[in-house]
Amino acid sequence: MRKIVLAAAVATSALGLAACGETADSVAETGDAMAADAESIAEDATATAGEAVDGAAETVEGAADATVEGAEGAADATADAAGDAAEGVANAAEAAAAEAEAMVDGE
């Protein structure tokens with residue numbers, strides 16, 4: 001009878017150890033799967049961040065181009081206005097000179 005009880009206890013222990021071994025393997029496989037998932041998520045996040053940076057760079061570049069074009073337009077308008085003002089001053093000076101000449105001749 002003791003031998004039967006002892007054999008049952010040994011069999012129960014062996015089954016328990018086998019179950020623990022399978023659980024350990026399952027845990028290892030789950031850990032590997034989780035690590036692979038984490039790596040995939042990290043790669044996706046890196047790619048998304050890269051795309052966001054590229055988009056931001058394009059936006060900044062577009063804004064810089066627009067600013068340059070606006071500055072060029074403003075410079076052209078300023079140059080045109082300065083040219084018009086200079087022409088007006090030259091015309092006024094000619095008119096004043098002609099008037100002064102007429103006054104001198106008229107004396």
Side-chain angles (χ1 to χ4, degrees):
M1 177 80 156
R2 288 182 184 168
K3 289 182 182 182
I4 294 173
V5 171
L6 183 60
V10 169
T12 302
S13 295
L15 286 174
L17 287 173
C20 286
E22 289 178 19
T23 302
D25 291 341
S26 176
V27 167
E29 290 172 5
T30 302
D32 291 343
M34 290 174 63
D37 288 345
E39 184 178 348
S40 174
I41 290 169
E43 288 173 358
D44 290 346
T46 301
T48 301
E51 291 170 4
V53 168
D54 290 344
E58 289 174 7
T59 300
V60 168
E61 185 178 339
D65 289 345
T67 302
V68 168
E69 289 173 7
E72 288 173 350
D76 290 344
T78 302
D80 290 345
D84 292 346
E87 187 178 333
V89 168
N91 290 339
E94 285 177 14
E99 187 178 323
E101 240 182 81
M103 290 173 83
V104 169
D105 288 340
E107 285 187 272

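It should be emphasised that the depicted structure is a prediction, and the values quoted were computed from it without experimental measurement.
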Quiz: residues 63-73 side-chain donor-acceptor pairs under 3.5 angstrom, not counting sequence neighbours:
{"from": "T67", "atom 1": "OG1", "to": "A63", "atom 2": "O", "distance (Å)": "2.8"}

Show me the donor-acceptor pairs within less than 3.5 Å that the side chains of residues 78-94 make with the rest of the protein, sequence neighbours left out.
{"from": "T78", "atom 1": "OG1", "to": "A74", "atom 2": "O", "distance (Å)": "2.8"}
{"from": "N91", "atom 1": "ND2", "to": "E87", "atom 2": "O", "distance (Å)": "3.3"}

Enumerate, atom names and distances included, each donor-acceptor pair closer than 3.5 Å involving a side-chain atom of residues 46-56, sequence neighbours excluded.
{"from": "T46", "atom 1": "OG1", "to": "A42", "atom 2": "O", "distance (Å)": "2.8"}
{"from": "T48", "atom 1": "OG1", "to": "D44", "atom 2": "O", "distance (Å)": "2.9"}

